[in-house]
Every structure is written in C-alpha cells, then in structure tokens.
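The structure appears below as structure tokens.
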Amino acid sequence: MQAFRTLSFAQEVIFAPGALARIGEAVERFGWRRLLLCTSNSQRVAGHVTTISSLLGERVVASYEHVQSHVPEAQVAEVLALALQHQVDAVLALGGGSPIGMAKAVSRAIEEEDSDSKTAHTAFPTEQPRIPVIAVPTTYAGSEMTAVYGVTRTIDGITRKITVSNPKIAPKLVIYDPLLTLQLPKTLTASSGINALAHSFEALYSLTRNPLSTAAALHSIQAIWHALPQCVADGTDIEARSEMLMGAYLAGHALATVTMALHHGICHVLGGSAGVAHGIANGIMLPHALRFNLDATATEIAQAAEAMGIARGTQSDAVLAEAIVQRIDDLIRKAELPRHLRDVGIAESDLPRLAQLAFESRTVQSNPKPITNSEQLTVLLQQAW
Ligand code: NAD
C-alpha cells in the first residue's frame with residue numbers, strides 16, 4: 001500500500017436544491033455582518049445577485065460584479081481596495097472558479113497586510129483568516145473546495161498564471177445549490193464538467209494521492225459520467241444538475257488534498273499565457289494528457305472502468321485505460337467542445353514558448369511520468385493543435 005500524508009480544512013458545506021435560501025441563517029451563525037460580494041455579470045443577468053441581495057439585505061456592504069477570467073492581478077488590487085474601504089468581515093464569491101479565485105486572492109492579500117501574518121509559517125489547517133471566503137459555486141470547476149488559487153501576473157513581459165496555496169483561503173462556508181446551475185449554458189456546462197472530470201483523473205494518479213482522494217475521485221467520476229451528458233442535453237433537469245454538482249464537489253475534494261500534474265499545469269499555461277478559457281483548455285487537453293501518461297498510470301486510470309460502465313472482464317489495465325481515454329474523447333466530441341488548439345486562436349509557432357512555460361511549472365514537474373525536457377511538451381501540444 002502507498003504511504004500518504006493528507007490535510008483537511010475546516011469547512012461547512014451545505015448542499016441542496018434551494019440551499020441558497022439558507023445563506024442568511026449560515027452567515028448569522030458565523031457572525032459575519034459586512035460582506036463584499038464578488039461575482040461576474042452573468043450572475044446579475046441570471047438574477048442571482050438580486051436574490052442574494054434580498055436574502056442578505058444590508059449585510060452586503062459592497063459588490064464587485066465584473067471579475068474576469070483567470071483572476072488578473074490588476075483586478076485583485078481593485079477588489080482589495082473595495083474590501084478595505086468597506087471594512088468587510090468576509091468575501092462572498094458567487095459564480096465560477098474566477099470569482100472564487102478572486103475572493104481567495106483578496107482574503108490572502110488582506111492576510112499579508114496583517115503584520116502578524118507576514119512571518120513565514122505554514123498555517124495550521126483549521127486556522128482562520130482575518131477575512132474568510134464564502135463560496136456559492138455556479139459551475140463545476142471545484143475551486144470552492146480547495147486552498148489554492150491562480151492569479152494572472154505579467155513579470156518581465158511574460159504573462160502567466162501563478163498558483164498560491166494556503167490552508168486559510170479554503171472557503172469556510174460553501175453553499176451548493178443546483179438551482180443556480182440551471183441557466184449554465186451548454187458549452188460552460190460541458191467544459192467545466194470536463195474540468196471536474198480532469199480533477200478526478202489527475203487525483204487518481206497523483207504522486208500524493210491518498211485513500212480519501214481516490215474514493216472521492218472514483219465516486220465523482222461515476223456521478224459525472226452518469227449526469228454530464230444529461231445536463232448538456234437538458235440543462236433544466238434538476239436531478240441531473242444535482243448529481244453533476246455533487247460530482248463536482250467530490251472532484252474538488254479530491255483535488256484539494258493532492259498535487260496536480262501535467263494536465264492541470266498545461267491548462268494553467270493555456271489560460272494564463274494564451275487566454276484560453278479554462279474549461280475549453282481542459283476539453284482540448286484531457287485526452288492528450290491522459291494518453292501521454294498512459295504507460296506510467298494505466299493501473300490508476302483503469303480503476304475508473306466500473307464507474308464508467310466498462311466491464312473489467314479479463315482485460316488488462318492497459319486495455320481498460322485506453323478504453324477509458326477513448327470514451328472521454330467521445331464525450332468531449334459529443335458535447336461539441338473545441339477539440340484543437342488551433343480552433344481557439346493558438347498559432348502553431350507559439351507552441352514551443354507555451355511548452356517551455358509549462359516545463360517550468362511546478363505542477364507539470366509533479367507529473368507521475370517524469371518530464372525531462374520541453375520538447376516532450378511541444379510534441380504533446382502539437383498533437384492537440
Ligand atoms: P469562470 O469562473 O471563469 O466563468 C466562465 C464564464 O461562465 C464567465 O463568463 C461567467 O460569468 C460564466 N458563468 C458562471 N456561472 C454561470 C451560470 N450559472 N450561468 C451563466 N454563466 C455563468 O469559469 P470556471 O470554469 O468556473 O473557472 C475557471 C477558473 O477557475 C480558472 O481561472 C481556473 O484556473 C480556476 N480554477 C481554480 C481551481 C482551484 O482549485 N483553485 C479549480 C478549478 C478552476
């Protein structure tokens with residue numbers, strides 16, 4: 001059996017269709033009185049901002065409603081200034097991984113302003129930040145369960161997504177309400193759903209996997225495999241939306257306690273340095289990254305066969321893992337997501353630069369199959385191009 005070390009965060013998770021109605025009671029229990037709402041325009045359009053305002057009333061003392069994808073550093077400064085100006089005691093993120101990442105970045109920045117926390121120590125997992133994050137996710141990206149965020153920063157003319165992790169930024173209250181996902185458009189449903197699937201597969205073969213991350217990953221794959229096609233076909237199916245959101249929760253849980261690998265590292269580069277939407281990057285890269293890793297990870301990938309309805313029979317792990325990757329490829333094709341990097345505005349001549357940036361990433365270097373030079377990644381990106 002593989003040895004492991006794992007971490008848990010103190011989080012309250014409320015999951016139910018209609019759970020958003022319980023936000024007032026939960027916020028009251030935590031004693032938060034001055035909230036900054038951090039979201040994007042789609043939530044105003046969907047009516048969710050109005051609902052939150054009516055549920056929380058005067059507790060929402062400020063709001064920032066135009067968080068952009070990939071959490072640009074300049075926006076972090078704007079939201080931080082708003083949080084300080086209004087002396088908030090929690091940041092409420094409503095939306096996908098971007099508003100949630102923004103809320104974490106602001107929570108962390110406030111922590112750094114606090115002179116006591118400038119000392120470089122690792123936070124105890126249950127230690128509270130000065131300004132905690134409340135997350136109400138509306139996609140399947142899973143950021144609400146993790147203690148990590150990415151911020152996009154330009155240094156020496158190179159723009160890239162930098163990931164920061166600290167146990168204190170794991171959202172302290174997470175409200176999962178499948179009703180908030182009913183208006184999630186087909187492409188975002190499919191692409192953030194594939195992002196969730198990617199969390200679970202990279203958790204299965206992570207170098208730092210543990211028994212709980214594996215159990216959560218396998219259960220999430222089963223839920224996603226069953227529910228995602230139906231959510232894409234009929235976004236108003238509350239049963240399917242609930243199962244899919246539960247799968248995303250478990251995938252986020254699996255992601256939270258392990259080190260990610262090649263696939264996530266490349267998607268961060270495609271997002272931060274080439275502007276590709278995160279879910280779309282996931283849809284393009286996942287089959288290629290899994291295939292690249294097959295010879296080192298077939299046993300771990302093959303564990304998902306049953307969850308995906310593939311009878312094991314007498315087939316070897318290698319054959320099962322190949323069948324799993326093929327089915328994921330088919331799912332992405334049927335969901336009509338972009339399948340090539342050239343379809344999302346990436347020039348072939350840019351691939352070596354992106355490969356080099358990915359090669360320098362800690363996440364890529366944590367891949368179970370060692371990556372020894374950036375040319376390996378250029379070849380991989382060419383396959384996806
Ligand atoms: P996103 O938050 O960038 O949102 C994408 C688009 O979807 C936006 O235009 C948004 O307005 C819209 N949207 C969101 N919910 C909607 C809804 N219910 N109805 C209609 N439109 C809606 O995308 P995402 O895929 O959720 O998150 C991606 C970001 O999260 C990336 O920056 C990624 O790096 C990060 N992420 C972080 C983690 C982590 O653990 N830290 C995990 C996964 C993703």
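Since the model is a prediction, treat every value here as computed from it, not as a measurement. Atoms within each ligand, like the ligands themselves, are counted from 1 in listed order. Side chains are part of it too, since the values below use all heavy atoms of this structure and drop only hydrogens, waters and symmetry mates.
Between His48 and ligand 1, not a single N/O pair is under 3.5 Å apart. Between Asn195 and ligand 1, a contact under 3.5 Å exists for no N or O pair. Residue Thr181 has no nitrogen or oxygen atom sitting less than 3.5 Å from a nitrogen or oxygen atom of ligand 1, judged on distance alone.
Within the structure, the closest approach of Pro185 to ligand 1 falls below 4.0 Å when heavy atoms are considered. Using a non-hydrogen distance threshold of 4.0 Å, Pro99 registers as a contact of ligand 1. Remark: distances from the non-hydrogen atoms of Val71 to ligand 1 are all 4.0 Å or more. Taking a 4.0 Å cut-off on heavy atoms, Gln68 fails to register as neighbouring ligand 1. No heavy atom of Met145 sits closer than 4.0 Å to any atom of ligand 1. The shortest heavy-atom distance from Ser69 to ligand 1 is under 4.0 Å.
With hydrogens and angles left out, the side-chain atoms of Asn210 and Thr257 include a donor and acceptor closer than 3.5 Å. Using modelled atom types, one finds a donor on one side chain and an acceptor on the other under 3.5 Å when comparing Gln356 with Glu360.
Taking a cut-off of under 4.0 Å to the non-hydrogen atoms of Leu180, the atoms of ligand 1 that pass are 18 (N). Heavy-atom proximity to Thr146, at under 4.0 Å, picks out these atoms of ligand 1: 39 (C), 40 (O), 41 (N).
Atom 9 (O) of ligand 1 lies below 4.0 Å from none of the non-hydrogen atoms of the protein. Distances from atom 4 (O) of ligand 1 to the protein include no heavy-atom value under 4.0 Å. Protein heavy atoms are found inside the 4.0 Å sphere centred on atom 44 (C) of ligand 1.
A tilted orientation is assigned to the rings of Tyr64 and His66, their planes being inclined by 30° to 60°.
Phe30 does not carry Lys172 over the face of its six-membered ring by the limits of under 6.0 Å from the centre and within 45° of the normal.
In the hydrophobic clustering, where aliphatic and aromatic side chains (Ile, Leu, Val, Met, Phe, Trp, Tyr) are joined below 4.5 Å either directly or transitively, Val319 stands alone.
Here the two rings, on His268 and His70, have centers that are 6.0 Å apart or farther.
Rounding to the nearest 0.5 Å gives a distance of 11.5 Å between CG of Leu351 and OG of Ser374.
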